[in-house]
Novice: 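For reference, the structure I am asking about is given below.
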Amino acid sequence: MPELPEVQTVLDGLSQAIRGRKILDIECYYPGTLRLAGNLPDPLYPRQAESFRRRGKYMIIGLSGGLSLIIHLRMTGKLVYDPTPGEVLAHERARIKLERDEAVHFIDIRTFGKLQLCRTDELGQYLPNLGVEPLEPGFTAEYLRDALSGKKAPIKNALLDQRIVAGLGNIYVCEALYRAGISPLRGSGSLKLKELKAIVKESRLVLAEALAVGGTSISDYRRIDDKTGEFQHFLQVYQKQECPKGHPLENIKQAGRGTWWCPLCQK
DNA sequence: CAATGATCCTGTCCGC
DNA sequence: TGCGGACAGGATCATT
């Protein structure tokens, strides 16, 4: 499941592969995967891919002439750079066609991923409200204290809320809470500043470590060259039976998603 | 307003 | 062998 480290890894790969290149067309093979804003210029193509940035789990590619392409991989989306593309691939939902007959495939088994083309000056209308970036200076214990004050929702749910922190997903929230020694069931508003500091520190660490090895490949996630990331080998609790200390883990459901945690290590 | 649940999807895995 | 059902989950929308 692409979270911040995976999205950043894909984005870096995409930037390497197509920065400065001309996009000749974007074809859509599954209804709704490619969405066009209503007021786009004609002709729409060609457009040069000029800039590459990330906000939360959204990739934002700046195109020449004041346009932007927003890409969200959701759960099973993949971008694959292909210098010699042929027929439409299995599960290929869209294709970014480049000059010299090259392409980037958007492959997405479960079809939840989206490509949105819009004017750059209207980007705000096409991105949801997103909270602080967890690897930037604004992500502090004090920020979390203010954002979570009075909230009754479990800390696990709050950390998954992209309006509070943008980029964390199920895997890294489970890992960060384990490392911080905090139970995922704790009420958000009940956490002390010291505990929030541990959450901030461990979230940053786990994200940075995962980013350094190209993300976590549990099932579908791949880099742009279709290679796997390596952080799955370093997970301590996600989809595990026992924690590093040998304690049995509990697997519960929170907000419809699996939580793995150690009742002995996390309080 | 906040919190929860349903929804969108399909490949994989499990039990019978 | 094959089938039905549960499960995986990010974000959005509807409901309580």
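Here is the naming used below: chain letters follow the sequence lines, and residue numbers restart at 1 for every chain. It should be emphasised that the depicted structure is a prediction, and the values quoted were computed from it without experimental measurement.
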Novice: Check the distance between B:dG11's C1' and A:Met75's CE and give it to me in whole angstrom.
Specialist: 12 Å

Novice: How long is the span from the CG atom in A:Leu177 to the OG1 atom in A:Thr259, to the nearest 0.5 Å?
Specialist: 8.5 Å

Novice: May I have the distance from A:Arg93 (atom CZ) to B:dG11 (atom C1'), rounded to whole angstrom?
Specialist: 12 Å

Novice: State whether A:Tyr30 places a side-chain N or O below 4.0 Å from either non-bridging phosphate oxygen (OP1 or OP2) of B:dC9.
Specialist: yes

Novice: Would you say C:dG10 has OP1 or OP2 under 4.0 Å from some side-chain N or O of A:Arg257?
Specialist: yes

Novice: Rounded to whole angstroms, how far apart are NE2 on A:His72 and C1' on C:dG10?
Specialist: 6 Å

Novice: Indicate, with a heavy-atom threshold strictly under 4.0 Å, whether A:Lys253 touches base, sugar-phosphate, or nothing.
Specialist: sugar-phosphate

Novice: Applying salt bridge (Lys or Arg N to Asp or Glu O under 4.0 Å), run through A:Lys78 and A:Glu92 and close with a yes or a no.
Specialist: CA-CA 9 Å; A:Lys78 282 201 294 185; A:Glu92 185 172 10; over 6 Å; no

Novice: Could you state the NE2-C1' distance from A:His91 to B:dT10, rounded to the nearest angstrom?
Specialist: 7 Å

Novice: Separation of A:Leu127 atom CG from C:dA11 atom P, in whole Å?
Specialist: 12 Å

Novice: Give the residues of residues 141-168 of chain A touching DNA chain C, defined as any heavy atom closer than 4.0 Å, sorted by residue number.
Specialist: A:Gln162

Novice: How long is the line joining OH of A:Tyr126 and C1' of C:dA11, in whole Å?
Specialist: 18 Å

Novice: By nearest nucleotide on DNA chain C, pick out whichever of A:Phe112 and A:Pro128 is the more 5' one.
Specialist: A:Phe112

Novice: Looking at every strand, decide which applies to A:Gly169 at a 4.0 Å heavy-atom threshold: base, sugar-phosphate, or nothing.
Specialist: nothing

Novice: What is the distance, rounded to the nearest whole Å, between atom CD1 of A:Ile70 and atom P of C:dG10?
Specialist: 20 Å

Novice: Taking atom CG as the centre, does A:Asn129 end up with more than 12 heavy-atom neighbours from other residues, nucleotides or ligands that are less than 6.0 angstrom away?
Specialist: no

Novice: Are any side-chain N or O atoms of A:Lys57 and backbone N or O atoms of A:Leu168, one a donor and one an acceptor, separated by less than 3.5 Å?
Specialist: yes

Novice: I need the A:Leu69 CG to A:Ile71 CD1 distance, nearest 0.5 Å.
Specialist: 4.5 Å

Novice: Among A:Thr111, A:Asp108, A:Ile107, find the residue that satisfies the side chain to side chain contact (heavy atoms under 4.5 Å, CB included) test when tested with A:Thr76.
Specialist: A:Asp108

Novice: Between A:Gln239 (CD) and B:dT12 (C1'), how many Å, whole number?
Specialist: 12 Å

Novice: What nucleotide among C:dG10, C:dA8, B:dC9 has an atom nearest to a side-chain atom of A:Arg74?
Specialist: C:dG10

Novice: Could you pull out all residues at least two apart from A:Glu195 that satisfy side chain to side chain contact (heavy atoms under 4.5 Å, CB included)?
Specialist: A:Ile182, A:Arg186, A:Leu191, A:Lys192

